[in-house]
Amino acid sequence: LALTLSACNLSGTGEKGPFKTSSNVSLSKLNAQANPIASKTLKSRVYSNNGAYSFDSIKWSGWAQLQVSGQYFNEFTASTSADVITLDAITKKDRSFDSANVHIFSHLAAARIRQHVASGQSHLSAWENTQTEMKQLFGLKNVSRNIHNGVEQLSLLRGSGRYRKDNANLLLFTGSFLAAGGDSASLALLTTDFADDGQFNGAGKSLFNSIAVMGATDGLLGNLSSN
């Protein structure tokens with residue numbers, strides 16, 4: 001989910017491959033426990049097959065959850081998914097921090113951020129520590145603890161620019177996840193495993209290893225990019 005935020009408006013596109021028309025999109029202010037506040041939640045829908053959506057009249061700032069749910073373009077099979085998937089991101093929203101993307105990396109990061117907050121860390125410390133963990137685990141080059149350079153700045157739809165190598169890494173992981181038979185249930189397995197300690201060393205370990213094997217397949221990244 002690639003998006004642009006401002007004090008008044010938000011617009012962007014869905015990035016699990018593009019989410020399909022009528023996919024649900026929400027933007028929620030977070031409380032002290034990093035949970036969405038129902039009274040500070042805005043809802044929208046993807047309105048085109050390239051994943052486009054928009055929000056107007058955003059009247060709050062601070063830590064926020066972005067969420068998109070629906071069918072999507074499967075970049076491994078080059079077809080529309082039968083599966084419905086939900087992806088999250090946690091980011092800081094105000095006039096200075098006005099862009100974020102939602103994808104598998106941001107979804108894993110959001111779960112880990114919530115766990116850090118539950119253990120007593122501030123939202124900022126939780127976010128910063130999660131960036132370090134994501135950077136180390138996935139070999140990301142330009143992601144950092146700087147609030148402007150988190151995983152939510154990556155985009156699997158962009159093959160150029162500052163984050164091009166990390167974007168390629170994201171695309172490869174996403175495509176390999178699908179090639180390994182990944183769906184909403186297996187994403188939940190990965191997310192729960194990663195959330196507790198920032199590693200895949202429990203119930204998600206076998207799937208993560210399968211994703212790594214698929215990622216090493218010759219020509220996979222090129223095929224994903226062409227799709």
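One-based numbering along the sequence shown. What you see is a predicted model, and the numbers here were worked out from it, not measured in a lab.
- No side-chain donor from either of Ser206 and Asn209 sits under 3.5 Å from a side-chain acceptor of the other.
- Distance alone, capped at 3.5 Å, is enough to place a donor-acceptor pair between the Ser81 side chain and the Tyr72 backbone.
- Between the side chains of Ser184 and Asp83, at least one donor N or O sits under 3.5 Å from an acceptor N or O.
- Here the side chains of Ile104 and Phe173 are in contact, with some heavy-atom distance below 4.5 Å.
- Side-chain contact between Asp166 and Val151 is absent, with no heavy atoms from C-beta onward closer than 4.5 Å.
- Within the 4.5 Å cutoff, no side-chain heavy atoms of Asn167 are placed close to those of Leu156.
- Nearest heavy-atom pair across Asn129 and Gln121 is ND2-OE1, 2.9 Å.
- Annotation: side chain of Leu187 is in contact with side chain of His107 (closest heavy-atom distance under 4.5 Å).
- With 3.5 Å as the limit, one finds a donor-acceptor pair spanning the side chains of Thr132 and Arg145.
- Both Leu178 and Ile85 are members of a single hydrophobic cluster when ILVMFWY side chains are connected at heavy-atom separations under 4.5 Å.
- Note that CZ of Arg112 is 12.0 Å distant from CD of Gln131, once rounded to the nearest 0.5 Å.
- The aromatic rings of Phe200 and Phe138 sit perpendicular, their planes meeting at an angle over 60°, well past the 30° parallel limit.
- Judged purely by atom type and a 3.5 angstrom limit, Asn149 has no side-chain atom pairing as donor or acceptor with the backbone of Ser144.
- Here the side chains of Gln199 and Leu137 are in contact, with some heavy-atom distance below 4.5 Å.
- Two residues are said to be in side-chain contact when any heavy atoms from C-beta on lie closer than 4.5 Å; Leu190 and Phe177 meet this criterion.
- Proximity of Gln67 to Leu87: side-chain heavy atoms (C-beta onward) are nowhere separated by under 4.5 Å.
- The side-chain heavy atoms of Asn201 and Phe208, taken from C-beta on, include no pair separated by under 4.5 Å.
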Go through the steps to decide whether Arg114 and Asp88 satisfy the test salt bridge (Lys or Arg N to Asp or Glu O under 4.0 Å), and finish with yes or no. CA-CA 12 Å; Arg114 291 190 191 95; Asp88 297 342; 3.4 Å; yes
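- Two different hydrophobic clusters hold Leu207 and Val213 under the rule that ILVMFWY side chains link at heavy-atom gaps under 4.5 Å.
- Of the N and O atoms on the side chains of His116 and Glu133, at least one donor lies less than 3.5 Å from an acceptor on the other residue.
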